[in-house]
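Reading through the structure tokens given below for one structure.
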Amino acid sequence: MSALNLVPLPVSVDLIGTPPFALDDKVVIVADPAATEVAEVAAKVLSQTTGLTLPVASTSEGGDNAREIRLVLPPQGAVDEGALDMSDEAYRLEVTSDLVTLSATTPRGLNWALATLRQMVTPGEDGGWVIPAALVEDVPRFPWRGLSMDVVRSFYTVDEVKTVVDLLATYKMNTLHLHLTDDQGWRLEIPGREALTEISGVTAGAGGDAGFYTVEDFADIQHYAAARGVTVVPEFDLPGHTNAATHVYGELTPSGEPTPAYDGAKVGFSKLYPDLPATEPFLRDVINSMAEQTVGPYIHIGGDEALEMDLGNYNELVTMAEKIARETGKRPVAWQEAAGAGLPGNMIYQFWDPRLTREDMAKAVSEGGQLLLSPANHVYFDMQYDADTPHGQDWSGYVELRDSYEWDPGTQVEGVPEEDVVGVEATVWTEYIHGFDAMTYMLLPRLAAAAEVGWSARRALEWESFAGRIAPESAWWNAMGVNWHRSPGVDWK
């Protein structure tokens with residue numbers, strides 16, 4: 001299809017055959033006013049790639065020798081005259097010897113054009129840098145392509161989360177789902193409920209770091225992510241995984257006494273109680289605050305692994321949380337177990353555990369819900385690569401790069417057609433992943449595989465092709481200064 005090493009693989013790539021575009025310090029990045037923020041990101045990415053410092057301008061510099069990288073946001077439908085469905089993520093990238101043009105209908109689409117452009121930059125034969133003349137037209141297979149990141153068992157700083165955002169944007173992944181509450185700690189400041197972070201913001205899983213994000217931190221993360229096309233989804237995991245809350249508020253327990261702090265890895269022992277007077281006000285305070293702090297349209301209400309709860313109490317609490325979340329104007333997301341709670345349509349259910357029954361999910365989808373695919377045996381990146389992996393766990397088996405690539409989101413749950421699958425979300429839990437080097441080691445290279453599964457047309461997915469195209473990406477990871485795993489089956493450069 002193309003001699004270019006592009007990940008994820010685009011819909012259409014045509015090499016023009018004319019001389020390449022010479023990328024040097026005389027090139028100017030020119031952006032429409034609405035694209036200025038993306039242009040600033042482009043300057044940073046291209047500087048990291050080449051060492052060049054490219055100026056950003058709002059108008060063409062002109063002149064006989066002017067060479068430009070233009071970021072264009074035309075009216076809806078003006079990017080492509082033919083085959084592409086112009087979703088808000090579609091883009092068109094055209095490179096000639098004199099001009100590079102990135103076109104999209106939204107800044108997010110321009111970010112994805114930039115991600116492709118970065119991969120097209122190659123060393124020139126006589127030194128310097130060049131971009132091959134080509135036309136790329138592209139649109140994703142699924143609208144949701146993301147990563148769920150556990151920052152509870154082991155906390156990660158604002159700057160570390162921003163680096164994860166950079167990795168997501170590198171491979172056109174548009175969602176960062178932050179798992180902010182669990183048994184071991186509480187990671188988001190809730191005004192009016194400051195005790196949550198004052199008490200449970202300083203606890204963590206054994207071996208993990210503690211900490212929390214202030215309101216200002218969370219806003220900073222979201223602004224940084226939005227400039228790179230990434231939406232942040234916060235998660236308040238309930239009615240299980242709640243020991244950090246009951247450790248702060250004894251009124252959430254039948255005895256009225258706070259539970260002890262917990263730093264272990266066991267799941268399923270903690271719970272909330274729907275009949276206690278303090279429970280609903282607590283849910284309202286937390287969900288309303290999270291929604292108020294969240295720019296994006298989603299809020300995740302958890303719902304997984306409430307193993308010691310009465311089913312009736314579970315259903316009552318999940319229903320309560322869903323109702324409160326909807327009242328904020330956000331669309332609720334929940335783990336797959338919540339599909340049996342009889343929630344209204346338009347829910348998004350996140351499939352994660354292939355060991356559990358799938359009938360509830362199919363029924364919930366038939367009643368108006370959608371499915372988000374996170375099967376642990378393919379995209380749980382806390383799963384070890386092999387027996388020698390120094391981090392993570394293996395309850396769902398070893399998950400190598402090829403395992404993360406060779407699966408089809410459209411066929412995971414019988415009775416759920418592809419049109420009811422909203423997308424793919426990789427997941428990384430941090431009970432046994434401590435420190436940022438360990439985090440990126442577990443993400444890379446598998447994150448790129450999940451990205452291509454979510455973006456590229458199924459007919460285009462071939463392991464041998466992917467293995468060849470992913471190999472040169474290690475140079476980019478090295479340039480970013482992040483740790484990564486040399487998966488077998490790839491001739492790493």
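A donor-acceptor contact under 3.5 angstrom links the side chains of Thr246 and Thr259, judged on distance only.
Under a 4.0 Å N-O distance rule, the pair Asp408/Arg141 qualifies as a salt bridge. Salt bridge absent: Glu89 and Lys172 never bring a charged side-chain N and a carboxylate O closer than 4.0 Å. At a threshold of 4.0 Å, the pair Glu418-Arg458 does not count as salt-bridged, since none of the basic side-chain nitrogens sits closer than that to a carboxylate oxygen.
A distance of 6.0 Å or more separates the ring centres of Tyr213 and Trp186. Checked against the 6.0 Å centroid threshold, Tyr398 and Tyr385 do not count as a close aromatic pair. A centroid separation of 6.0 Å or more is found between the aromatic rings of His391 and Tyr432.
Judged purely by atom type and a 3.5 angstrom limit, Thr294 has no side-chain atom pairing as donor or acceptor with the backbone of Gly296. With Asp394 contributing its side chain and Gly397 its backbone, the two residues share no donor-acceptor pair below 3.5 Å. Side-chain N or O atoms of Glu194 include one that pairs as donor or acceptor with a backbone N or O of Gly192 at under 3.5 Å.
Taking the six-membered ring for Trp and thresholds of 30 and 60 degrees, Trp352 and Trp395 have ring planes more than 60 degrees apart, a perpendicular arrangement.
Using a 4.5 Å heavy-atom threshold, the side chains of Tyr91 and Val136 count as touching.
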